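Right, one structure below, let's go through it.
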Number of protein chains: 2
Amino acid sequence: MLRTLTTLDDTTPAALRPVLAPLPPLTTAGARLLDAAGSLFYERGVRAVGVDLIAETAGTTKKTLYDRFGSKDALVALYLLQRAHRWREHLLARLGGADALEGPAAAETRVLLVFDALQTWMGGQRRGCGFVNAYAELGDTDHPAVAVVRAEKAWMRALFDDLTGDADLGAHVHLLYEGTLVVLTAGADPSAAAQARRGVRVALAARGTGPA
Amino acid sequence: MLRTLTTLDDTTPAALRPVLAPLPPLTTAGARLLDAAGSLFYERGVRAVGVDLIAETAGTTKKTLYDRFGSKDALVALYLLQRAHRWREHLLARLGGADALEGPAAAETRVLLVFDALQTWMGGQRRGCGFVNAYAELGDTDHPAVAVVRAEKAWMRALFDDLTGDADLGAHVHLLYEGTLVVLTAGADPSAAAQARRGVRVALAARGTGPA
DNA sequence: CTGCGAGTATACCGACCGGTATGGTTACCT
DNA sequence: AGGTAACCATACCGGTCGGTATACTCGCAG
């Protein structure tokens with residue numbers, strides 16, 4: 001179990017599962033622009049932030065922005081890709097020590113570690129899931145950022161399948177995970193994280209004892 | 001049980017639970033404007049739709065729009081309020097017949113009816129939860145629409161508490177409900193609804209048998 | 001008959017949008 | 001020495017944004 005995603009020396013066929021595209025190399029001004037865009041896009045929304053503001057915040061010019069990224073759409077997609085990589089690293093760092101755990105209780109421990117990572121990740125960030133927010137603005141379009149959103153959600157679902165070792169359990173916990181972010185932010189209910197933990201324990205305790 | 005929210009002759013203290021503000025009366029052109037705004041805002045997002053397009057779609061003018069609603073922000077808030085009322089009516093209509101059911105299986109039946117209503121409601125609508133989408137664009141601001149989002153989420157949570165008769169169960173099911181909408185749309189996973197049903201059965205089957 | 005609320009039509013405002021053009025300055029590589 | 005990639009500065013483009021102003025028509029209630 002747990003052979004995938006958490007280690008770099010992965011020996012399983014990686015082609016079978018969702019993988020995040022790698023981040024392209026960036027010049028110094030390019031990195032400054034992407035960082036500025038990341039903060040502004042997440043904090044205010046993708047449509048609400050203009051390229052002029054991004055360039056000014058990064059201490060550079062629109063010319064450089066378009067030389068590096070070609071379009072605002074491409075910059076938005078790259079913002080989400082960078083965010084996915086950062087969340088992935090944050091998550092796997094906190095999950096790394098749980099690799100050796102086995103047995104029925106190990107799945108619960110590992111899944112709850114994801115919710116721990118979510119809380120530390122969200123500490124200070126008040127706008128919820130950047131991927132859900134971006135999708136809310138873009139919808140089911142051919143915008144290049146939508147593919148990144150889909151990839152991140154598929155990655156999280158595959159992670160939960162791995163951690164629980166069961167597709168139904170993985171789906172259940174994934175729904176709890178996505179629901180938590182919504183209820184925390186749009187619902188403004190700080191108890192959501194604790195309720196999600198309770199839900200995870202219920203779901204995993206019912207392994208094999210649930211309805212046919 | 002289930003004394004509230006599903007009937008109009010409610011005898012319980014309504015002040016104790018979240019209530020949606022009533023819709024103000026509308027003139028004929030006002031109603032046309034609100035309907036046009038509703039379709040456009042939901043389909044394309046709040047920021048992406050300009051007041052010119054709304055007025056033109058409604059077959060009237062910007063002057064009338066501002067005479068009736070005062071500002072775009074107020075129109076956005078009213079759009080969400082109208083949507084909340086419509087979803088509430090759609091939901092309660094499908095839930096009405098379950099009032100008489102009692103016993104441990106009744107809670108499961110009633111909750112699953114909510115997920116049935118969600119599927120029929122979402123049939124044809126491809127943009128997920130309009131409240132989550134609006135909040136994604138507006139964030140935790142003083143925009144008048146944010147209060148409507150909060151009210152709708154609180155209302156759904158209270159409904160699940162009622163249907164299950166238990167705050168922890170209500171929270172669990174509410175997380176599954178919000179997660180379903182996210183995974184269906186941003187995740188583009190059509191199996192989310194079926195997985196949510198499975199999750200509801202697991203959660204309710206564990207009533208009283210879960211961890212302390 | 002008069003006043004008024006509702007609606008239509010059109011023109012206008014400053015600000016901002018994504019994107020482009022021109023031109024010049026470094027620093028490094030061959 | 002020459003080329004080139006990266007960068008900064010500034011001005012400009014057509015279009016759209018939310019919101020306002022002016023002027024007119026209609027139906028109805030006093």
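In what follows, every chain begins at residue 1, and chains take the letters A, B, ... in the order their sequences are listed. Note that this is a predicted model, so its numbers are computed, not measured.
The pair Asp189(B)-Arg157(A) meets the salt-bridge criterion, since a charged nitrogen lies less than 4.0 angstrom from a carboxylate oxygen.
Between Ile54(A) atom CD1 and dC17(C) atom P the separation is 10 Å, expressed in whole Å. Across the protein-nucleic acid pair, Leu75(B) atom CG and dG18(D) atom P stand 11 Å apart, rounded to whole Å. Between the CG atom of Leu65(A) and the P atom of dC8(D) there is a distance of 11 Å, rounded to whole Å. Tyr66(A) has its OH atom 11 Å from the P atom of dC17(C), to the nearest Å. Taking atom CZ on Arg44(B) and atom P on dC17(D), their separation rounds to 10 Å, with Å as the unit. The interatomic distance linking Glu56(A) (CD) with dA9(D) (P) rounds to 11 Å, in whole Å. Rounded to whole angstrom, the span from the CG atom of Leu53(A) across to the P atom of dC17(C) amounts to 8 Å. Between the C1' atom of dC8(D) and the CG atom of Leu33(A) lies a distance of 12 Å, rounded to the nearest Å.
When the side-chain contact (heavy atoms from CB on, under 4.5 Å) test is applied to Thr57(A), the partners found at least two apart in sequence or on another chain are Ala36(A), Leu40(A), Leu53(A).
A donor-acceptor pair is defined here as one N or O able to donate and one able to accept, closer than 3.5 Å; no such pair exists between the side chain of Arg44(B) and the backbone of Ser39(B).
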Go along nucleotides 5-12 of chain C 5' to 3' and tag each nucleotide: B for a protein heavy atom under 4.0 Å from its base, S when only backbone or sugar atoms are that close, - otherwise.
-SSBB---

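The closest side-chain donor-acceptor pair between His174(A) and Glu178(A) falls under 3.5 angstrom.
Classified by interplanar angle (parallel below 30°, tilted 30° to 60°, perpendicular above 60°), the ring pair Tyr177(B)/Phe115(B) is perpendicular.
Residues Leu176(B) and His172(B) have side chains in contact (heavy-atom distance under 4.5 Å, counting atoms from C-beta outward).
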